[in-house]
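Note that the structure is a prediction, hence the values are computed from the model and not measured. Sequence lines set the chain letters: A, B, ... in the order given, protein chains first and strands last, and positions in each chain run from 1.
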Number of protein chains: 2
Amino acid sequence: MMTLADIAALAEVSESTASRALRDNPVVNKETRLKVQQIAQQYQFNVNPTARSLRTQKSYTIAVIILFDAKSQQAISDPFLLEILGVIADELTHKGYDMLLSTSKTKDKDWKTYYIDAKRADGLIIIGQGEHDQRIEQLSHSKVPFVVWGASSGHDSFTVVGSQNRSGAEAAVSHLIAQGCTHIAFLGDYRHNEIEQRYLGYQDALQKAGLALNADYELITDFTAQDGYLKTQQQLFPLLPELDGIFAASDAIALGAMKALQEHGVQVPQQLAVAGFDDIAMSAYCSPALTTVKQDTINGGKLLVSKLLQQMDGEQAESELLPVRLLTRQSSARG
Amino acid sequence: MMTLADIAALAEVSESTASRALRDNPVVNKETRLKVQQIAQQYQFNVNPTARSLRTQKSYTIAVIILFDAKSQQAISDPFLLEILGVIADELTHKGYDMLLSTSKTKDKDWKTYYIDAKRADGLIIIGQGEHDQRIEQLSHSKVPFVVWGASSGHDSFTVVGSQNRSGAEAAVSHLIAQGCTHIAFLGDYRHNEIEQRYLGYQDALQKAGLALNADYELITDFTAQDGYLKTQQQLFPLLPELDGIFAASDAIALGAMKALQEHGVQVPQQLAVAGFDDIAMSAYCSPALTTVKQDTINGGKLLVSKLLQQMDGEQAESELLPVRLLTRQSSARG
DNA sequence: AATCTTTTTGCAAACGATTGCAAAAGTTGT
DNA sequence: ACAACTTTTGCAATCGTTTGCAAAAAGATT
């Protein structure tokens with residue numbers, strides 16, 4: 001392995017000069033710079049990031065923390081997660097950062113101590129705030145640069161990037177209403193921040209249409225197809241003659257619900273229309289294809305990264321909610 | 001931030017002693033050791049991993065590289081991926097390692113140089129070997145500790161952990177045959193290592209049952225539901241009166257195919273039975289529920305990690321293929 | 001009490017970069 | 001030819017640990 005000293009020797013300059021030359025510091029003579037760079041290239045030299053890290057106190061690494069729900073041990077919508085993770089990874093690589101991934105199952109190290117103080121990472125991206133999280137709140141009182149994917153309360157003390165869950169949900173439910181639904185159930189766990197927004201959007205739509213809210217129609221449901229299936233059987237079947245629409249807080253839930261309905265002989269969408277949220281890969285290919293709301297994962301990932309880097313540069317970064325898109329498919333096509 | 005020097009001072013010992021004490025080196029007096037440890041605890045001291053790294057030339061970090069298919073830019077079976085990633089993350093954390101994640105879109109840095117030589121990581125886990133990969137082959141000629149998730153050729157020059165794709169596929173197809181199917185199509189891209197094994201298993205089953213192989217029944221299909229849908233429409237519909245079974249190399253493909261069939265008025269499983277591979281979350285909740293083969297993600301992840309650590313300890317680690325489980329559901333239930 | 005072991009400790013040299021500061025070299029002006 | 005700058009270089013300290021080796025302390029042996 002070559003070290004900076006070797007390169008310096010080869011170029012017949014001091015280590016200091018070599019170091020500066022490599023980083024293209026204009027204080028060193030242009031010719032010298034080029035010579036050093038050329039030699040470094042030729043010998044395939046790369047600075048040792050550990051040594052650099054130690055000296056500069058920066059790691060050029062970002063930690064991405066995926067929060068799992070304490071109870072269900074499940075992250076929000078798996079497929080969505082992998083997508084945004086991919087985007088973040090690409091984006092970070094592109095900016096010259098490495099990505100440390102941690103899937104936090106609650107009981108966990110103290111992020112600030114472990115990542116920032118220990119210089120394992122220069123900043124944090126936290127995905128899925130779930131229910132109001134103590135630790136995130138705490139972080140915001142420190143100087144740690146971090147961004148969160150989730151729901152904005154409108155006056156957060158930290159930077160949030162997320163989807164316009166509320167208006168997205170409203171659009172979906174309004175669409176159901178436009179299709180003639182008048183008794184629409186909500187499936188999802190509104191104790192979860194993002195889902196709460198979707199729940200509010202659901203209410204917005206009902207209210208705008210002058211439809212009554214009905215507590216019987218609001219089912220707390222985990223993120224899984226399984227729970228969507230079960231809750232539908234247990235709590236929606238009794239309401240069936242009247243119930244004519246379901247808005248599920250995630251596609252997984254929606255698919256579970258549809259399964260239950262189909263087994264029970266309910267015609268979707270004729271007797272009952274269904275809409276979900278996420279547009280997971282399967283949604284277009286189940287029967288009937290699922291009407292859903294698609295999040296802008298690509299811009300989401302990009303924004304998370306750029307806002308984090310902004311913070312690391314000492315700038316302020318505002319929260320931002322991205323527009324979503326309603327995709328109407330067969331599951332809501334009544335007449 | 002506390003440094004080792006501070007702790008040493010507080011404990012009234014030298015840094016050397018403090019360092020040894022913290023790592024519980026028996027060469028230092030037990031009392032001294034405890035005293036130092038106690039003080040470190042009290043002041044919440046943690047050794048600086050960067051400094052330690054620089055000195056010891058180890059990073060206590062493992063790089064996980066996810067390979068994407070050059071063409072489709074898609075990784076094998078997304079849901080599966082996220083699962084195994086989670087297991088690996090947990091396992092590594094548990095062993096005191098951090099996890100660097102990289103999603104490699106082909107044109108990429110040289111893994112050895114970037115991760116190992118630069119001391120960013122002590123070992124590599126590569127997920128999804130795809131088509132025969134030049135870079136993996138190359139790695140095996142170096143001293144780099146690494147393991148691969150994928151298909152074993154039986155005489156690999158490196159450590160592979162994977163599923164018994166071949167026998168799993170055979171089981172699935174044999175099941176279809178047992179259900180009375182005699183004309184079974186294969187959907188998947190057998191240029192991909194793992195899929196090739198599934199393809200061979202498909203052939204095994206046909207041969208054992210004395211059924212003829214038929215090139216018309218073998219469709220090269222991407223990993224997506226979309227492609228399953230398209231290929232089915234384009235290439236299977238013409239064969240329909242006779243065709244009575246489909247074995248898809250992934251659940252996503254299977255679901256796409258089922259969608260096409262249903263739209264075309266084909267009854268699944270009565271007219272045509274379907275089986276997939278992966279048991280993605282949706283498979284149990286689509287209609288009809290999909291018969292599929294479930295991989296042992298948990299043990300897969302654990303094995304990857306333990307075999308890698310084994311290698312890092314200088315031991316040899318053998319390749320290993322894990323048993324899979326056939327889950328029979330409605331999509332193949334022909335009476 | 002002197003010598004020989006065995007435990008414990010600490011000194012000092014790494015590990016491989018970056019950077020403040022001063023010195024050396026090169027320019028310009030007079 | 002000398003002073004006064006400006007540009008370019010290199011010395012040496014620093015980042016926070018770990019570890020080989022020798023010295024100091026403690027214990028055992030005669």
Side-chain angles (χ1 to χ4, degrees), chain A residues 1-37 39-40 43-61 96 98 113-122, chain B residues 1-37 39-40 43-61 96 98 113-122:
Chain A
M1 268 301 82
M2 282 254 151
T3 88
L4 183 61
D6 301 328
I7 299 299
L10 286 166
E12 300 176 291
V13 295
S14 70
E15 285 188 53
S16 347
T17 305
S19 172
R20 295 191 180 101
L22 285 177
R23 321 189 83 231
D24 224 30
N25 186 327
V27 88
V28 0
N29 185 304
K30 189 151 202 171
E31 278 180 44
T32 324
R33 251 185 294 166
L34 288 173
K35 179 173 181 193
V36 173
Q37 291 171 359
I39 292 184
Y43 287 88
Q44 306 225 71
F45 168 78
N46 293 295
V47 304
N48 178 317
T50 311
R52 170 194 294 214
S53 237
L54 181 58
R55 175 63 229 241
T56 62
Q57 304 288 62
K58 287 199 248 162
S59 63
Y60 280 90
T61 298
D98 286 322
T113 306
Y114 190 80
Y115 292 111
I116 307 296
D117 294 346
K119 306 268 157 19
R120 285 182 167 89
D122 301 336
Chain B
M1 269 301 81
M2 283 253 149
T3 90
L4 184 60
D6 299 328
I7 298 298
L10 285 166
E12 300 175 293
V13 295
S14 70
E15 284 187 53
S16 345
T17 306
S19 172
R20 296 192 179 102
L22 284 177
R23 320 190 85 230
D24 224 29
N25 187 328
V27 88
V28 1
N29 185 302
K30 190 151 201 172
E31 278 181 46
T32 324
R33 250 186 293 167
L34 288 173
K35 178 171 179 194
V36 173
Q37 290 171 358
I39 292 184
Y43 288 87
Q44 307 223 70
F45 169 78
N46 294 295
V47 306
N48 179 317
T50 311
R52 172 196 295 224
S53 238
L54 180 57
R55 176 60 229 239
T56 63
Q57 302 289 60
K58 288 197 245 161
S59 63
Y60 280 91
T61 299
D98 286 322
T113 305
Y114 190 80
Y115 291 112
I116 306 297
D117 294 346
K119 306 270 161 8
R120 284 182 169 90
D122 301 334

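Contact detail for A:Pro49 and B:Ala118: the closest heavy-atom pair is CD-O, 3.3 Å. B:Val36 approaches B:Ala11 most closely through the heavy-atom pair CG2-CB, 3.9 Å.
In this structure, A:Glu15 atom CD and C:dC15 atom P are separated by 11 Å, rounded to whole Å. Summarising the geometry, the separation between CG on B:Leu4 and P on C:dC15 is reported as 19 Å, rounded to the nearest angstrom. Distance CD (B:Glu31) to P (C:dT8): 10 Å, rounded to an integer number of Å. Distance, A:Tyr60 OH to C:dG16 P: 21 Å, rounded to whole Å.
If you walk DNA chain D from 5' to 3' and mark each nucleotide with an atom closer than 4.0 Å to a heavy atom of chain B, the marks span D:dG16 to D:dC21.
With the nearest nucleotide of DNA chain C identified for both A:Thr17 and A:Met1, A:Met1 has the one nearer the 5' end. Along DNA chain C, the nucleotide nearest B:Val28 and the nucleotide nearest B:Lys119 are compared for position; the residue whose nucleotide lies closer to the 5' end is B:Val28.
Put simply, the side chain of A:Gln37 gets close to the backbone of A:Ala21: a donor and an acceptor are under 3.5 Å apart.
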Item to complete: Verify side chain to side chain contact (heavy atoms under 4.5 Å, CB included) between B:Asn48 and B:Thr3, making sure each step is shown before the conclusion.
Response: CA-CA 8 Å; B:Asn48 179 317; B:Thr3 90; over 6 Å; no
Worksheet item: What's the verdict on side chain to side chain contact (heavy atoms under 4.5 Å, CB included) for A:Gln44 and B:Thr113, showing C-alpha distance, side-chain angles and the deciding distance?
Response: CA-CA 9 Å; A:Gln44 306 225 71; B:Thr113 305; over 6 Å; no
Worksheet item: Could you walk me through whether A:Met1 and B:Gln57 pass the side chain to side chain contact (heavy atoms under 4.5 Å, CB included) check?
Response: CA-CA 12 Å; A:Met1 268 301 82; B:Gln57 302 289 60; over 6 Å; no
Item to complete: Show your working on side chain to side chain contact (heavy atoms under 4.5 Å, CB included) between A:Leu22 and A:Phe45 and close with a plain yes or no.
Response: CA-CA 10 Å; A:Leu22 285 177; A:Phe45 168 78; 3.4 Å; yes
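Across all strands, B:Gln57 comes closer than 4.0 Å only to sugar-phosphate atoms, never to a base (heavy-atom distances). Note on B:Thr56: only backbone sugar-phosphate atoms sit closer than 4.0 angstrom, heavy atoms only; bases stay farther off.
Atom CG of B:Leu4 sits about 9.0 Å away from atom OG of B:Ser14, to the nearest 0.5 Å.
Across the helix from C:dA1-D:dT30 to C:dT30-D:dA1, the helix axis at one end is tilted relative to the axis at the other end by 50° (nearest 10 degrees, each axis from five pairs).
Shown here is A:Lys35, whose NZ atom has more than 12 heavy atoms of other residues, nucleotides or ligands within 6.0 Å.
Tested against A:Met2, the residues A:Leu10, A:Asn46, A:Val47 include a single side chain to side chain contact (heavy atoms under 4.5 Å, CB included) partner, A:Leu10.
Inspection of the A:Asp98 and B:Tyr114 side chains reveals an N or O donor paired with an N or O acceptor under 3.5 Å.
Nearest to the side chain of A:Arg20, among C:dT18, C:dG16, C:dG20, sits C:dG20.
Contacts with DNA chain D (heavy atom under 4.0 Å) in residues 44-53 of chain B: B:Phe45, B:Asn46, B:Val47, B:Asn48, B:Ala51, B:Arg52, listed by number.
The side chain of A:Ser16 contributes no N or O atom lying less than 4.0 Å from OP1 or OP2 of C:dT19.
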